[in-house]
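Have a look at the structure below, then the notes.
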2 protein chains.
Amino acid sequence: MVERGRPRSFDRADALRRAMELFWAKSYEGVSLSELTTSMGINPPSLYAAFTSKDALFREAVALYRSTEGDRTWSGFETAATAREAVAGLLKASAENYSRDDKPRGCLIVLGALHCDLSNTAVNRDLADLRMQCVKQLQERLERAIAEGELPQTIDVQAIATFYVTIQQGMSIQARDGASREMLLAVADCAMVAWNGLTVSQN
Amino acid sequence: MVERGRPRSFDRADALRRAMELFWAKSYEGVSLSELTTSMGINPPSLYAAFTSKDALFREAVALYRSTEGDRTWSGFETAATAREAVAGLLKASAENYSRDDKPRGCLIVLGALHCDLSNTAVNRDLADLRMQCVKQLQERLERAIAEGELPQTIDVQAIATFYVTIQQGMSIQARDGASREMLLAVADCAMVAWNGLTVSQN
DNA sequence: CCATTTATTTAGTGATCGATACAGAAATAA
DNA sequence: TTATTTCTGTATCGATCACTAAATAAATGG
């Protein structure tokens, strides 16, 4: 089956990539349609034909972010031999990915739509859900470590998971404010200093 | 000298307080003039006569936030007997103040204007400066603790200060996402578990 | 009283927001 | 060729943005 009609004159994937970087740098409400169309090199009708709406474009941008930048941060998490190495690697990768010279600083999912009250826009709720998933992922890794005997059953899985995600999210703000890669890595190291105390058996 | 002209028909301080809570809940760009005037119970010309512009109103709101909510968080910091108690108290107060039932969740200075590229708007730069001042304040307290012999000279003052501020800032996002007060307090406790390791003499 | 001063209400300003109507262009199908 | 389909550029749409001009209201000074 061959496609009918006039062929699209721009690279959809490339246009999406440019939109993602704009949203990443300036957040959802911080980017206007005219900025998007200018950066993507297309006119509004082409954007809407290809991506439906600003909302839908943002969702696709977030999905692309997760499969590229997010993967750079989380790929080592599941493969790490121990929970400690998984968390340490996550923080280290976050520090590095939040401070690249050729990319916006910080995390799109953390900084992309912090506006508004709780449960305001759909975009906001989607990002909050993704942020929650990070905590859940750490919790599950910690529970696996308990099941495998690496960590004692007495640890507070939820608190530890929330603690390390809180640091990761705070690093996004630090990165946006100009903290150097070295400083972000130092923060990650500081966070891991708590590991032994947090995971020791306390009966 | 008595004031001339028609007297103002609204309470300026009360109107400012309402504006502060709106900005706190929804950030600078997230609040529109019509929302402000509605909540403050006045018309746009009255707002501009009393506060000059949305920018200036936001600055006054931030100043009010610092002298009220900010004071709730930081008042115990300088009076604490030790650096450890100062930092622990700061995190505990942050957890509590970011999760009050009658107030917006999180911190206005952290969440008030995260939009935009680095050094974009004046509002953004002002808040970034205030965020930096938090790090500086912790640094100075740690240096004082060194001078007083509480902590060894070998500690990395900047890294430790940035680490604890990073947690405080991350707690704003957690609070905005709905984390309970208990969970925020647990995060603060987790952060203090690192204290001994971070401040031990390592020569 | 009247002049002056300041605040208020009404009713807008131009600019920009996200999103589209419409006509023409460029492909396939028959 | 002609019909159909889909994309593209121009030129907007109504809504909302931050903000204000103009007339009126309410106080004081003389």
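Chain letters run A, B, ... following the sequence lines, proteins first, then strands; residues in each count from 1.
For A:K136 and A:E143, the salt-bridge test fails: no basic side-chain N is under 4.0 Å from an acidic carboxylate O. Using a 4.0 Å cut-off between charged side-chain N and carboxylate O, B:D126 and B:R59 make a salt bridge. In this structure, B:D14 pairs ionically with B:R18, as a charged nitrogen and a carboxylate oxygen lie closer than 4.0 Å. Of the charged side-chain nitrogens involved, at least one lies within less than 4.0 Å of a carboxylate oxygen, so that A:E35 and A:K26 count as a salt-bridged pair.
Scored by the salt bridge (Lys or Arg N to Asp or Glu O under 4.0 Å) test, B:R181 finds no partners at all (sequence neighbours excluded).
Rounded to a whole Å, the CD atom of B:E3 is 17 Å from the P atom of D:dA26. Regarding A:R8, its CZ atom lies at a distance of 18 Å from the P atom of D:dT5, rounded to whole Å. Rounded to an integer number of Å, the gap from CD1 of A:I42 to P of C:dA19 is 14 Å. Between A:F58 atom CZ and C:dC17 atom P the separation is 17 Å, expressed in whole Å.
Side-chain N/O atoms of B:S46 include one lying less than 4.0 angstrom from OP1 or OP2 on C:dT8. For B:R4, no side-chain nitrogen or oxygen approaches OP1 or OP2 of C:dT6 to under 4.0 Å.
Nearest to the side-chain atoms of B:S9 among the listed nucleotides C:dT8, C:dA29, C:dA25 stands C:dT8.
A residue-by-residue look at A:R6 and B:L47 shows that B:L47 has its nearest nucleotide of DNA chain C further toward the 5' end.
At the heavy-atom level, B:F10 lies under 4.0 Å from the strands shown only through sugar-phosphate atoms.
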Report summary line: Each nucleotide of nucleotides 18-23 of chain D classed B (base within 4.0 Å of a protein heavy atom), S (only sugar-phosphate) or -, in 5' to 3' order, makes SBBB--
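The aromatic rings of B:F23 and B:Y28 lie parallel to each other, with less than 30° between the two planes, well short of the 60° mark.
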